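In listed order, ligands and their atoms are each counted from 1. Please read all numbers here as calculations on a predicted model, not as lab measurements.
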Amino acid sequence: MMDIEALRATLRTLVGEAHVLTDGDLTAYEQDWRKRERGRALAVVRPGTTEEVAAVVKACGAAGVSLVPQGGNTGMVVGSIPDASGTQVLLSLQRLNRIRAIDAANLTVTVEAGCVLQTLQEACEKDGFLFPLSLAAEGSCTIGGNLATNAGGTQVVRYGNTRELCLGLEVVTAQGEVWSGLTGLRKDNTGYDLRHLFIGSEGTLGVITAATLRMYPLPAAQLTAFAAVPSLDAAVQLLGLAHQHLNAGLTGFEVMGDFALGLVRKHFPQQNVPFGGMSPYCVVLENSDHESESHAREQFERLLEAALEQGCVLDAVVAENIAQARALWHIRESIPLAQAQEGLNIKHDISIAVSRIPAFVTEVDALLEQHFPGVRLVNYGHLGDGNLHYNVQAPDGADAEAFLRDQEGPINTLVYEVVDRFNGSISAEHGIGSLKREKLAHHKSPVALNAMRAIKGALDPKNLMNPGRVLSIE
Ligand code: FAD
Ligand code: S2G
Ligand code: ZN
């Protein structure tokens, strides 16, 4: 039988009394962001150095106690909180948050896992560089969590996911050893590329403690436009025009269904959403130009003229200044928050070839209407990279909790069956966590699942790293 008090005492000696929490209000660590589940930690441990992380992992390993690494706890798939058994240690990386180095000549930044994404963005900008990962949770999510979930966000269309931004990692392995792979090298073909095993592994293979990431020169101008479009087909057509006119300058392309925007109008009336209700969809897109603001504006005008001529845009506004641009982006980023205010909801974070998204939505809308009449469809997301947040809210006036409990399974099954037929992915950017673990087993080939289990068995044979997340290991 594990001696909980003895382990707690050991952990206190390793990281300091103040950084081992065992009572009081631990909701921030034990409840997931969507307020779906609440776990109970044997202890919340907050190491401040990589060496302390290694010592904690070793101590837990020796005691046979599993660990749940946690960054900002903004994950969407219930992967970053302890289970309800009270036998797991929640390892918070929040104190391990230094920016170790910004290397201008190499265009890299080396940063610790607990650094909040927005803090890193601001530090790079202060030195004249862009760290281009951007998502609505950037004020609380951390670099370690972004890497562990291979986060996407609103600039993937130009810069790729977190994976593409990572050049090197420092990881504490499940055995409590430190792998230091913090190279800033763009080329290093010396055996298996271990960083890519840990990126997207959701805390199930090791604890990411630091990373060396790509930075880019700040653009001379970043212009934002908000356009009303008559259909999803028109949005896809506008995307094609934007690629043609802006090429590498296209750094964001998000689509928003009118019901999704309606939730922002309802819950955040102070945000004046343009074109209220005039079209079934709106798009917010961004042009980053390295020449000048006037050049960027000219390009946008040419693009919007062509789009108006071709009828794929009904109306559009181009932000006159940074404040207006931020306000337009804030509307898009407020959708998940407005959804949370509206109540518990069923999320489908899916990706499909861009060209096939309109047909997918037509088909799955009709099926949901037929089998679950009255559900409300909150459809929005990163159309630029084929990732849709096809979310389902309970019918107006229905009990959201009961709806989630009773209908999530059947609705997921229906939606994911169509995703499969469209050769899509059932998790584009949020990962699997515990929420989609059974779905993964159903939607991934046995060959892929066996290879994943082999990797998990090799790197974490005792299954102490975030067990029950991503894979079910007996
Ligand atoms: P946590 O939630 O703390 O952890 C997430 C997972 O990573 C868990 O499995 C955890 O065990 C593991 N983990 C955390 N830190 C480490 C570490 N150092 N080493 C090993 N494993 C670790 N996601 C997107 O991809 N794109 C979006 O556009 C997006 N928008 C969002 C908008 C809102 C409003 C919210 C609330 C969330 C959004 N998310 C989005 C989801 C979430 O923000 C991302 O998954 C983010 O990367 C999680 O970072 P975090 O630090 O909060 O990680
Ligand atoms: C986003 C948030 C999750 C959701 O805002 O891009 O990833 O579906 C989403 O609400
Ligand atoms: Zn997203």
Please list the nearest protein heavy atom to [atom] with its residue and the distance rounded to 0.1 Å.
| atom | answer |
| --- | --- |
| atom 3 (C) of ligand 2 | H430 CE1, 3.4 Å |
| atom 8 (O) of ligand 2 | N391 ND2, 3.1 Å |
| atom 4 (C) of ligand 2 | Y380 OH, 3.1 Å |

Check whether more than 12 heavy atoms from other residues, nucleotides or ligands sit under 6.0 Å from atom [atom1] of [X], and answer yes or no.
| X | atom1 | value |
| --- | --- | --- |
| R100 | CZ | yes |
| E401 | CD | no |
| K444 | NZ | no |
| H371 | NE2 | yes |

Just heavy atoms, cut-off under 4.0 Å: does L135 contact ligand 2 by side chain, backbone, both, or neither?
->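 It is neither; nothing of L135 touches ligand 2.
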Test item: E37 and I81 side chains (from C-beta on) under 4.5 Å apart, heavy atoms |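 E37 reaches I81 side chain to side chain.
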Are Y380 and P336 side-chain neighbours, meaning at least one heavy-atom pair lies under 4.5 Å?
->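 A side-chain contact exists here, since the closest heavy-atom pair is under 4.5 Å.
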Would you please say whether a donor-acceptor pair under 3.5 Å links the side chains of T173 and W179?
->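 Their side chains do not contain a donor-acceptor pair, so the 3.5 Å distance test is not met.
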Counting each atom of ligand 2 from 1 as listed, which ones have a heavy atom of [X] under 4.0 Å away?
| X | value |
| --- | --- |
| H389 | 1 (C), 6 (O), 7 (O), 8 (O), 9 (C) |
| H382 | 6 (O) |
| M76 | 3 (C) |
| Q339 | 10 (O) |

Quick one: sort the H389 and H382 rings into parallel, tilted or perpendicular, breaks at 30° and 60°.
->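 Perpendicular.
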Does a salt bridge link R195 with D188, judged by any charged N lying under 4.0 Å from a carboxylate O?
->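 No, no charged N to carboxylate O under 4.0 Å.
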Return the option from E333, R332, R34 holding the heavy atom at the smallest distance from atom 6 (O) of ligand 2.
->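 Among E333, R332, R34, the closest heavy atom to atom 6 (O) of ligand 2 belongs to R332.
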Return the minimal non-hydrogen interatomic distance between E333 and S134, and the atom names on each side.
->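 Smallest heavy-atom distance, with atoms named: OE2-OG, 4.4 Å.
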Closest non-hydrogen atom pair, G72 against T142 =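 The pair with the smallest heavy-atom distance is N-CG2, 3.5 Å.
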Shell of residues surrounding ligand 1, defined by a 4.0 angstrom heavy-atom cut-off that is strict =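 Near ligand 1, by chain and number: W33, P69, Q70, G71, G72, N73, T74, G75, M76, G79, S80, L93, A113, L135, A136, A137, C141, T142, G144, G145, N146, A148, T149, A151, G152, G153, E202, G203, G206, V207, I208, P336, H382, E429, H430, N466.
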For the residue pair Y216 and F129, is the inter-centroid distance of their aromatic rings smaller than 6.0 Å?
->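 No, ring centres 6.0 Å or more apart.
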Decide ring pair (Phe, Tyr, Trp, His ring centres under 6.0 Å) for H330 and F268; before the verdict, give the C-alpha distance in whole Å, the side-chain angles of both, and the deciding distance to 0.1 Å.
-> CA-CA 11 Å; H330 192 46; F268 305 111; 7.5 Å; no
Neighbouring protein N, O or S atoms of the Zn ion (ligand 3), below 2.8 Å =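 There are 3 of them.
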Has E254 got any heavy atom lying under 4.0 angstrom from an atom of ligand 2?
->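 Distance cut 4.0 Å: E254 fails for ligand 2.
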Distance in Å, N463 CG paired with S472 OG, rounded so as to fall on 0.5 Å steps =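 The CG atom of N463 sits 10.0 Å away from the OG atom of S472.
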